[in-house]
*Asks:* 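What follows is a structure written as structure tokens; I'll ask about it next.
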Amino acid sequence: MYDKWESSNYFAPNGNGQSYCVLIPPPNITGTLHMGHAFNQTLMDTLIRYQRMQGKRTLWQMGTDHAGIATQMIVERHLAEENTTRQQLGREKFTQRVWQWREESGGTITQQIRRMGSSLDWSRNRFTMDEDYAEAVITVFERLYDEGLIYKGQRLVNWDPQLGTAISDLEVENHEESGHMWYFDYPLLDGLKTKDGANHLTVATTRPETMLGDSAVAVHPDDPRYAHLVGGFVNLPLVDRKIPIIADAYVELELGTGCVKITPAHDFNDNQVGQRHNLDQINIFNLDASINENAPSAYRDLSREQARKRIVADLDALGLLAQVKDHKLMVPRGDRSGAIIEPLLTDQWFVKIAPLAGPAIKAVENGDIEFIPKQYENVYFSWMRDIQDWCISRQQWWGHQIPAFYDEQDNVYVAADETAVRKKYKLADDVVLRQESDVLETWFSSALWPFATLGWPKQTPELEQFLPSSTLITGHDIIFFWVARMIMMTLHFTDKIPFKTIYIHGLVRDADGKKMSKTKGNGLDPLDFIDGIDLDSLLEKRKANLTQPKMATRIEKATKKEFPQGIPSYGTDAMRFTFCALATTGRDVRFDLNRIDGYRNFCNKLWNATKFVLMNTENSTITATPIRSVVDEWILSKLHRLINDANFALETYRFDMFANAIYEFAWHQYCDWYLEFAKPRLWDEDLGEEEKAGTRQTLLEVLEALLRIAHPVIPFISETLWQQVTPRLSGSHDTIMTQSYPIAEDYPLAIKAEAQVDWLKGVITGIRTIRGEANIKPSLEIEIYLQGGTPTDRAREADAHIMLKRLANAHNITWLAESDEPPPNALALVGDLKVMVPLAGLIDIGVEKIRLQKEIDRASADHQRIDKKLSNESFVAKAPAEVVAKERDKLSDLQGRMTALTQQLEKLSSL
RNA sequence: AGGCGCGUAGCUCAGUUGGUUAGAGCGCUGCCUUGACAUGGCAGAGGUCACCAGUUCGAAUCUGGUCGUGCCUACCA
């Protein structure tokens with residue numbers, strides 16, 4: 001079915017409607033579909049299918065990003081298996097290998113996305129390393145450089161020593177880990193002594209190895225304990241370096257010893273202190289975080305871990321280790337490698353971000369761009385207003401190589417390629433140029449997504465039509481990574497906003513509310529819900545990527561408990577429906593197996609309801625002029641409301657309400673009641689053909705509309721069923737997905753019919769309750785008496801007689817005059833109408849009395865509550881008149897009810 | 001430490017601008033193989049809306065505080 005949709009080009013923009021465009025967060029080529037994607041995809045596809053059916057000219061363009069670091073890691077791992085390295089291969093051959101890998105394995109996720117039913121325009125598929133996309137990236141770089149918004153500089157950056165590249169601060173994850181706090185004594189020089197008479201200052205650190213790069217000890221300017229020492233010196237042990245004691249307000253008086261070692265080359269805060277005091281920046285690390293030649297020879301070439309041990313031991317030996325304490329600290333780790341990040345001085349390229357951030361902040365402030373839910377705007381503002389220059393260079397090979405060229409004097413020239421550089425800078429042919437070897441970080445290219453996918457820098461018709469896009473649907477985890485950067489770049493280069501609305505959905509978590517992760521083994525594969533998976537395969541899968549093998553048994557236990565039978569096959573639609581139903585306003589979405597179970601059943605229900613409708617409308621080409629009955633009018637009226645609710649839900653991005661409205665209508669109105677009403681009508685021999693035709697027509701019309709309403713969320717089932725249903729109405733059509741969305745006005749609201757059916761349901765439910773409580777077998781036909789009530793009750797009963805009989809399973813319904821004495825009975829009240837089931841040996845009088853008493857108690861409690869409310873003078877005086885009137889009505893209803901029930905109880909008691 | 005959010009039925013969650021009998025799904029109890037569906041039908045039980053105070057005629061809803069919990073940002077050298 002999906003193939004047919006795709007090959008029929010139904011996914012491409014069509015018609016002349018208003019443009020509607022959704023940007024896909026480009027999945028990366030190393031990825032496989034996880035629950036987060038599946039959730040995100042479901043919401044986007046629901047929205048785009050809905051808008052397409054609303055007649056919009058929709059574009060949901062497919063594309064992937066090249067995932068610089070992740071992809072390079074994978075290919076390097078392959079090379080390692082072949083006992084080679086990228087260095088041995090050389091840059092060009094390595095890049096070829098990456099492309100080769102991408103051809104072979106980079107398409108996994110695109111196939112998986114198809115399984116989700118996503119109606120993406122595949123014909124416009126883009127990849128961030130495509131030639132024309134790369135052109136956009138290079139153009140952007142060059143322009144920003146020429147505008148002075150990109151610069152190169154030696155600055156302290158987050159360095160991943162394992163990957164050998166800088167990463168942005170967003171790519172660093174800080175988590176609490178346990179470690180130690182070491183206290184070192186630095187001997188005072190020149191005979192200085194502290195107030196306590198000590199001849200040393202004590203500093204503390206969580207990273208002892210950095211002491212090799214210390215270039216000062218700082219105290220607070222107002223600290224009386226150390227004021228006399230400022231300007232003096234201490235000797236840096238092991239290194240034997242004379243370093244100054246400085247005063248800086250960065251030091252907190254209360255904290256620790258009040259003395260802080262300053263390592264400008266290896267700590268962001270120290271670096272600023274260093275700049276204020278003109279301190280030396282002593283870099284003690286090589287790029288792999290081993291100790292370099294700036295340190296004493298004893299420590300050279302040691303890894304940072306070895307160096308730490310050695311230094312602590314050596315200081316201890318010298319009697320300078322004052323103390324060691326256990327300490328919890330936040331450890332920065334690279335989000336890809338998991339390695340501890342080291343602040344390191346290196347040459348990097350930066351985007352000067354403030355000029356770009358200004359307009360981007362304004363666009364949200366003035367409402368051009370809107371976040372839903374709105375509170376995310378604060379998250380956005382707080383980050384944007386304190387934004388740091390963006391380090392965009394990566395010491396990698398896979399990615400967009402920075403279009404900067406150096407001559408032999410290291411002068412920098414920026415243009416698309418060497419030829420362009422020579423032309424632009426009027427360089428002689430004999431000037432030797434070499435290109436910058438760094439590449440741009442992947443997010444730099446993703447930031448151009450809204451316009452680069454549409455052909456920019458060329459002015460294409462698509463750019464005209466689909467920029468700005470309408471809605472961006474994404475998780476809050478990439479607001480900074482991607483969303484904010486797209487806003488900045490798009491505004492800067494096109495003077496347009498990238499999108500009008502940003503809908504931020506929750507993040508999918510496991511049943512315990514934990515983040516799903518392959519390395520923790522608590523992840524779930526959406527395809528396993530679609531296709532099902534047996535327990536053994538699931539166990540194997542979840543244990544495959546564990547970083548800590550110790551966890552295997554725990555994962556096994558948890559998995560066996562949660563999925564004792566593995567996972568049954570639920571199908572795409574059930575999963576999509578579940579995701580919609582879970583898309584509430586919260587920040588987390590816990591994926592609950594019970595929910596998908598229920599929604600699978602819902603799909604089954606639709607299937608069976610359709611089967612019923614088809615069976616009962618077979619060979620019945622509607623010849624007679626259909627006459628609609630009150631139940632027909634009622635279900636059409638309910639359908640009218642459903643359409644309004646569905647529209648409202650999707651317009652306000654309440655996918656949960658959308659799903660719930662469909663579920664409630666389909667199951668609890670259409671199936672539970674309307675189909676049951678229809679049965680006696682279709683099967684009653686006395687009912688006229690026109691009326692039966694009316695019911696058949698309504699069965700089909702409502703089902704057909706329901707399928708269209710539900711199509712955006714359950715595309716496959718709705719298409720399948722719709723193909724069978726429409727021929728009964730007006731001949732067949734190609735596909736449901738290009739049909740127009742139902743319009744509420746086509747199905748008239750019928751307030752009177754609704755009231756009448758509410759009454760009918762009330763009578764039936766009253767009788768069923770009696771049957772249920774008295775344990776009367778459903779198969780047993782009973783006698784029903786009616787008494788009291790209004791002429792409306794009588795009219796309604798006459799109208800609904802056959803339905804009432806069947807749904808209550810009564811062989812007779814008899815009206816009694818007011819003066820008639822009914823036989824001993826069980827009583828249900830519907831307004832003023834008494835609905836009575838004779839005890840007649842079926843019902844135990846004691847049971848019935850208990851039931852009555854319960855009813856009376858309930859009514860009396862309500863009565864008391866409302867009576868109290870109404871006897872409060874200020875309530876009557878200050879509350880709106882209609883609220884007071886409503887309470888009065890309730891009170892008198894309850895009064896009547898209590899009277900009738902009490903009389904009934906007395907009657908039964910006197911028997 | 002700062003910011004944001006959350007705490008409603010056994011579980012997962014709705015509850016739009018204060019006025020409902022506080023809802024749904026799943027689970028639970030009882031009865032049912034009646035001709036769409038046992039992936040089902042009917043009926044039922046279950047909540048002092050975390051706690052305290054305040055505003056109001058009226059608070060799950062608004063305000064302040066307490067406790068618990070989660071996330072983000074910064075950081076204790």
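Both backbone and side-chain heavy atoms feed into the values below; hydrogens, waters and symmetry mates do not.
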*Asks:* From the options B:rU39, B:rG44, B:rC57, select the nucleotide whose nearest atom is closest to the side chain of A:E773.
*Replies:*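 It is B:rG44.
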*Asks:* Taking atom P in both B:rC13 and B:rG7, compute the distance separating them and give it to the nearest angstrom.
*Replies:*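 Rounded to whole Å, the distance is 10 Å.
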*Asks:* Taking atom P in both B:rU73 and B:rA14, compute the distance separating them and give it to the nearest angstrom.
*Replies:*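 Pairwise P distance, B:rU73 against B:rA14, rounds to 24 Å.
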*Asks:* If only side-chain N and O atoms of A:Y376 are considered, is one of them under 4.0 Å from the OP1 or OP2 phosphate oxygen of B:rG3?
*Replies:*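 Checking B:rG3 against A:Y376, no side-chain N or O comes under 4.0 Å of OP1 or OP2.
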*Asks:* For A:F39, enumerate each residue passing the ring-ring contact (aromatic ring centres under 6.0 Å, His included) test, keeping only those at least two apart in sequence or located in another chain.
*Replies:* A:H505, A:F579
*Asks:* With a non-hydrogen cut-off below 4.0 angstrom, is A:D267 in contact with a base, only sugar-phosphate, or nothing?
*Replies:* nothing
*Asks:* Taking side chain as C-beta onward, heavy atoms only, is A:W673 less than 4.5 Å from A:I635?
*Replies:*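 No, their side chains stay 4.5 Å or more apart.
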*Asks:* Using a 4.0 Å heavy-atom cut-off, does A:R771 contact any base of the nucleic acid, only the sugar-phosphate backbone, or nothing at all?
*Replies:* nothing
*Asks:* Dot-bracket for RNA chain B, 5' to 3', counting Watson-Crick or G-U wobble pairs under 3.5 Å, with [ ] for crossing pairs and | for inter-strand pairs?
*Replies:* (((((((..((((.....[...)))).(((((.......))))).....(((((..]....))))))))))))....
*Asks:* For A:T652, report the nucleic acid contact type (base, sugar-phosphate, nothing); a contact means any heavy atom under 4.0 Å.
*Replies:*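 A:T652: no heavy atom of the nucleic acid under 4.0 Å.
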*Asks:* From CD of A:E377 over to P of B:rG3, roughly how many Å is that when rounded to an integer?
*Replies:* 19 Å
*Asks:* Could you tell me how far B:rC62 sits from B:rG15 if I compare only their C1' atoms? Round to whole Å.
*Replies:*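 It comes out at 16 Å once rounded to the nearest Å.
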*Asks:* Within the 4.5 Å heavy-atom criterion, are A:I567 and A:F529 side-chain neighbours or not?
*Replies:*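 Touching, per the 4.5 Å side-chain cut-off.
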*Asks:* Flag this pair as yes if the NZ/CZ of A:K679 is under 6.0 angstrom from the six-membered ring centre of A:Y674 and inside a 45 degree cone about the axis; otherwise no.
*Replies:* no
*Asks:* Check the surroundings of atom CD in A:E873: do more than 12 heavy atoms from other residues, nucleotides or ligands lie under 6.0 Å from it?
*Replies:*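 Count not over threshold, so no.
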*Asks:* So A:V260, base contact, sugar-phosphate only, or nothing? Heavy-atom distance under 4.0 Å.
*Replies:*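 A:V260: base contact, heavy atoms under 4.0 Å.
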*Asks:* Write down the distance between CD (A:E882) and C1' (B:rG19), rounded to a whole number of angstrom.
*Replies:* 10 Å
*Asks:* Over how many whole Å does the gap from A:D588 atom CG to B:rC72 atom P extend?
*Replies:* 10 Å
*Asks:* Could you tell me whether the side chain of A:M211 reaches within less than 4.5 Å of the side chain of A:L236, counting heavy atoms only?
*Replies:*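 A:L236 vs A:M211: side chains touch.
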*Asks:* Which part of the nucleic acid does A:N378 contact within heavy-atom distance under 4.0 Å: base, sugar-phosphate only, or nothing?
*Replies:* nothing
*Asks:* When you get a sec, tell me which of B:rA77, B:rG25, B:rA43 is the closest nucleotide to the side chain of A:H668?
*Replies:*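 Among B:rA77, B:rG25, B:rA43, the one nearest the side chain of A:H668 is B:rG25.
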*Asks:* Using the P atom in both, what is the distance from B:rU66 to B:rU21, to the nearest Å?
*Replies:*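 Rounded to whole Å, the distance is 35 Å.
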*Asks:* Check the angle between the aromatic planes of A:F371 and A:Y380 and answer parallel, tilted or perpendicular using the 30° and 60° thresholds.
*Replies:* tilted
*Asks:* Could you work out the separation of B:rA43 and B:rA24 based on their P atoms and round it to a whole Å?
*Replies:* 12 Å
*Asks:* Base, sugar-phosphate, or nothing for A:R207, non-hydrogen atoms under 4.0 angstrom?
*Replies:* nothing
*Asks:* Side chain of A:T584: nearest nucleotide among B:rG70, B:rG19, B:rC13?
*Replies:*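 Selected nucleotide (nearest to the side chain): B:rC13.
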*Asks:* Please tell me if A:R590 has a side-chain N or O lying less than 4.0 Å from either OP1 or OP2 of B:rU12.
*Replies:* yes
*Asks:* Among A:N809, A:I767, A:V763, exactly one meets side-chain contact (heavy atoms from CB on, under 4.5 Å) together with A:I784. Which residue is that?
*Replies:*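 In the set A:N809, A:I767, A:V763, the residue that makes a side-chain contact (heavy atoms from CB on, under 4.5 Å) with A:I784 is A:I767.
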*Asks:* Taking atom P of B:rA77 as reference, at what distance in whole Å does atom CE of A:M330 sit?
*Replies:* 12 Å
*Asks:* Going by an N to O cut-off under 4.0 Å, is there a salt bridge joining A:D510 and A:R590?
*Replies:* no
*Asks:* Tell me the interatomic distance from A:M181, atom CE, to B:rA77, atom C1', rounded to whole angstroms.
*Replies:* 6 Å
*Asks:* On RNA chain B, compare the nucleotides closest to A:V876 and A:W383; which residue's is nearer the 5' end?
*Replies:*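 Of the two residues, A:V876 wins.
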*Asks:* Which whole number of Å gives the distance between the C1' atom of B:rG18 and that of B:rA60?
*Replies:* 10 Å
*Asks:* Treat primed atoms plus P, OP1 and OP2 as sugar-phosphate and everything else as base, then score nucleotides 26-37 of chain B 5' to 3': B for base contact with protein heavy atoms under 4.0 Å, S for sugar-phosphate contact only, - for none.
*Replies:* S---SSS---BB
*Asks:* Just the rounded figure in Å: distance from P of B:rC4 to CD of A:Q375.
*Replies:*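 In whole Å, B:rC4 P and A:Q375 CD are 11 Å from each other.
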*Asks:* May I ask you to say whether A:E177 pairs ionically with A:R333, meaning some side-chain N is under 4.0 Å from a carboxylate O?
*Replies:* yes
*Asks:* Ignoring backbone atoms, establish whether A:R865 has a side-chain N or O less than 4.0 Å from OP1 or OP2 of B:rG19.
*Replies:*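 Checking B:rG19 against A:R865, no side-chain N or O comes under 4.0 Å of OP1 or OP2.
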*Asks:* Using atom P of each nucleotide, how far apart are B:rA22 and B:rA9 to the nearest Å?
*Replies:*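 Taking atom P in both B:rA22 and B:rA9, they lie 14 Å apart.
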*Asks:* Using OP1 and OP2 only, check whether a side-chain N or O of A:T769 sits under 4.0 Å from B:rG44.
*Replies:* yes
*Asks:* Grab the CD-P distance between A:E177 and B:rC76 for me, whole Å please.
*Replies:* 15 Å
*Asks:* Base, sugar-phosphate, or nothing for A:T257, non-hydrogen atoms under 4.0 angstrom?
*Replies:* nothing
*Asks:* C1' atom, B:rA50 versus B:rG68: distance in rounded Å?
*Replies:*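 Going atom to atom, C1' in each nucleotide, I get 8 Å.
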*Asks:* Rounding to a whole Å, what distance do you find between A:E887:CD and B:rC57:P?
*Replies:* 17 Å
*Asks:* Taking OP1 and OP2 of B:rG5, is either one under 4.0 Å from a side-chain nitrogen or oxygen of A:H476?
*Replies:* no
*Asks:* Within less than 4.0 Å of OP1 or OP2 of B:rG58, is there a side-chain N or O belonging to A:K878?
*Replies:*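 Indeed not, no polar side-chain atom of A:K878 lies that close.
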*Asks:* Ring-plane angle category for A:Y599 and A:F577, please: parallel below 30°, perpendicular beyond 60°, tilted otherwise.
*Replies:* tilted
*Asks:* State which residue, out of A:L707, A:L706, A:L703, fulfils the side-chain contact (heavy atoms from CB on, under 4.5 Å) condition with A:W722.
*Replies:*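 Passing option: A:L707.
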